[in-house]
There are 2 protein chains.
Amino acid sequence: MDDVEVLRTHGLRVTGPRVAVLEALHEHPHADAETVLRAARDRLPAVSVQAVYDVLHALTDAGLVRRIEPAGHPARYERRIGDNHHHVVCRSCGAVGDIDCTVGHSPCLTPSSTEGFSIEVAEVTFWGLCPACRSTTAG
Amino acid sequence: MDDVEVLRTHGLRVTGPRVAVLEALHEHPHADAETVLRAARDRLPAVSVQAVYDVLHALTDAGLVRRIEPAGHPARYERRIGDNHHHVVCRSCGAVGDIDCTVGHSPCLTPSSTEGFSIEVAEVTFWGLCPACRSTTAG
DNA sequence: TTCGGTTATTTGAATGATTCCAGTTCATGT
DNA sequence: ACATGAACTGGAATCATTCAAATAACCGAA
C-alpha cells in the first residue's frame, strides 16, 4: 500500500503536501516539524510552513501518524503506530529512538490509584544520552 | 524542617521570592508558572515574573522541585520528589494527579533494547479525563 | 470533460510560555 | 558594618505553533 492509497483508506484527500509529508516521515522516522518541512520541500518546493503543520495535524487526527512531545523539545512525528512502543530521548541533543515494550501490556501501566481519572493511554519516555552524545560529553 | 531551612540545606540563599515560591507550591501541588506567580504574589506582591521563573529553575536544579511538562500544556512544578511516582494528566483541562508506582521499580521501566542510549530515568504519564471533565464532557 | 461544492493550502500576522539582557539590589561570610 | 557575588527587576526577544482570510486544488456528478 503506497502513500496515496494510505491516505484514501483513511478518508483523506490525496494532495501534494500530504504525500510529500508522508514520504518525508518515511525518510526521517522521528522528524520534527522543521525537518519534515525541509524534506517535504525536496519534493514539493512550494509547500508552506502552515501546510506542513496542517497536514501533520490531519494525519495525526486520522491516526496515521503519532505525535511525540518530549519535554523541552519541539514535537516530533512518526509513522510507526499501533504497536504501543516507547521512546528514548537524548537529554543532550534531543535524538529519539524507539523501544519495544516487550513486557507487553500492563505492568506499571495499570496504575493502582487513578485519583478518579478515567485512564485512556499510558506513555513511557526514557531519558538518557544517545551514543553520539555519550562519547562527546563524557568520553 | 521549614522552607527556610530547606533552602539552606540545599546550599541556596534564602530570599523572599524563594520562600514565597516554596509556599506557593505547597499550596498548589501541581501548579504551573502562572499559578505559582499568583500565589507567590499573595505573600510578596512585588515579585516579578522572571524572579519566579528563575527561582523555579534554581529549585529544580537543586533537586528541591520537580518539573513536569505534559505535552500541550505549560510546565508544572511539584515539591513531592524522590519517590518515583507518576502522573495522570487530564486530556481536557490539563489537571494533574499523582499516581504511586506500586509495582515499585523496573517492570516496563527496564527496556529491552536501549538502541545504544544510556538510560537514566523513565517517565510515565497517563492520559485520561479528570472527574470534573468526565461529568461535563460525557454525562 | 466540465462544473460545483467542499476541503486544503497559501500568505501574513499573532500568540503564549519562557528566556535573554543590562543594570540594580540584596543576602551572606568576615 | 563591608565587600562580593548571586539574585532580582523591567523590558524586550525568541521559538514553535496557531489563527484568519483569501485563493486554489481535489473529486464526484452531470
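First the proteins, then the strands, lettered A, B, ... as listed; each starts at 1.
Dashed line: the shortest gap from a side-chain N or O of A/R18 to OP1 or OP2 of C/dA8 is under 4.0 Å. The phosphate of C/dT18 has OP1 or OP2 within less than 4.0 Å of a side-chain N or O from B/Y53.
Nucleotide C/dT10 holds its P atom 17 Å from the NE2 atom of A/H57, rounded to whole Å. Atom-to-atom, CG of A/L37 to P of D/dA16 comes out at 12 Å; the value is rounded to the nearest Å. Between the P atom of D/dA6 and the CG atom of B/L7 lies a distance of 17 Å, rounded to the nearest Å. We find that CZ of B/R76 is positioned 13 Å from C1' of C/dA17, with the value rounded to whole Å.
A/A33 comes within 4.0 angstrom of the backbone, heavy atoms only, and of no base. Note on B/A46: only backbone sugar-phosphate atoms sit closer than 4.0 angstrom, heavy atoms only; bases stay farther off. Among the atoms of the strands shown, only primed sugar atoms or phosphate atoms (P, OP1, OP2) are found under 4.0 Å from some heavy atom of A/V55. Contacts of A/D54 with the nucleic acid, taken as non-hydrogen atoms under 4.0 Å apart, include base atoms.
Screening A/V55, A/L59, A/D61, A/D54 for a side chain to side chain contact (heavy atoms under 4.5 Å, CB included) with A/H57, the sole residue that qualifies is A/D61.
Out of D/dA16, D/dT17, C/dT28, the shortest distance to the side chain of A/E34 is found at D/dA16. Distance from the side chain of A/V49 is smallest to D/dT17 among D/dT17, C/dT11, C/dT19. Nearest nucleotide to the side chain of A/A51, out of C/dT18, C/dA27, C/dT10: C/dT10. When distances are taken from the side chain of B/T15 to each of D/dA7, C/dT19, D/dC27, the shortest belongs to D/dA7.
At a cut-off of 3.5 angstrom, the base of D/dT17 holds no donor-acceptor pair with the side chain of A/Q50.
Annotation: of the two residues near DNA chain C, A/V47 and B/E69, the 5′-most nearest-nucleotide partner is A/V47. For A/R13 and B/H73, each mapped to the nucleotide of DNA chain C holding its nearest heavy atom, the one lying further toward the 5' end belongs to A/R13.
Salt bridge present: A/D100 and A/R80 bring a charged side-chain N and a carboxylate O closer than 4.0 Å.
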Would B/D3 and B/R79 count as a salt bridge (Lys or Arg N to Asp or Glu O under 4.0 Å) here? Give the steps.
CA-CA 11 Å; B/D3 292 332; B/R79 296 192 64 175; 3.1 Å; yes
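Ring geometry for B/W127 against B/H73 counts as parallel: the plane angle stays under 30°, on a 0 to 90° scale with 60° as the upper cut.
Taking the six-membered ring for Trp and the full ring otherwise, A/H87 and A/H85 have centroids separated by under 6.0 Å.
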